[in-house]
Amino acid sequence: MILMITKGFKAMRVKKVPKSAHDDFPILLAHAEARLDFALWREAYRRLCWDHCAVEFTLVETSDDWTETTRRFQAFQRAFGNLEACARACVHALCKRYVVSQRDVTSTHSSRAAPFRQ
């Protein structure tokens, strides 16, 4: 992921980027997005005291459009900068999907829900 972030910053700063950066960057970004998504959902399962091993790793499709890739990189950058908020959003999404009341989660599991481990 460090290589992906480094190439992303370089691509955003420099107008002329080597062709290799254009070729490699979407693939590196897709892998980084998939790993971040996987980590966030596992953390959400842990916070709900569910079996985090049930979360499956899913690859993210690459983009052929440089504008879309740039947008996705910026979204990745924002998410990576605020992991705690992203983990809470995943917990909220699971509660909504499986009709778990937020009150039950707060009262029963909050003592076990540690901040996101980096």
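These values consider heavy atoms only, across backbone and side chains, with no hydrogens, waters or symmetry-generated copies.
The environment of CG in D64 is sparse: at most 12 heavy-atom neighbours from other residues, nucleotides or ligands sit within 6.0 Å.
Counting heavy atoms from C-beta outward, L83 and E43 have side chains that stay 4.5 Å or more apart. F38 has its side chain out of reach of T58: every pair of non-hydrogen atoms, C-beta onward, lies at least 4.5 Å apart. Proximity of R35 to F57: side-chain heavy atoms (C-beta onward) are separated by under 4.5 Å at one or more points. Counting heavy atoms from C-beta on, the side chains of L29 and S63 never come closer than 4.5 Å.
Tested against Y45, the residues V91, V55, D51 include a single side chain to side chain contact (heavy atoms under 4.5 Å, CB included) partner, V55.
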* Derivation of the side chain to side chain contact (heavy atoms under 4.5 Å, CB included) call for L48 and L94 -> CA-CA 9 Å; L48 291 169; L94 287 172; 3.8 Å; yes
* Candidate pair V100 and W50, rule side chain to side chain contact (heavy atoms under 4.5 Å, CB included), full reasoning -> CA-CA 12 Å; V100 176; W50 295 356; 4.1 Å; yes
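Using a 4.0 Å cut-off between charged nitrogen and carboxylate oxygen, E84 and R47 count as a salt-bridge pair.
Between the SG atom of C86 and the CG atom of L40 there is a distance of 5.5 Å, given to the nearest 0.5 Å. Between atom OG1 of residue T62 and atom CD of residue E68 there is a gap of 11.0 Å, rounded to the nearest 0.5 Å.
Closest heavy-atom contact between E61 and R72: O-NH2, 2.8 Å. In this structure, L59 and A34 approach most closely via the heavy-atom pair CA-CB, 4.1 Å.
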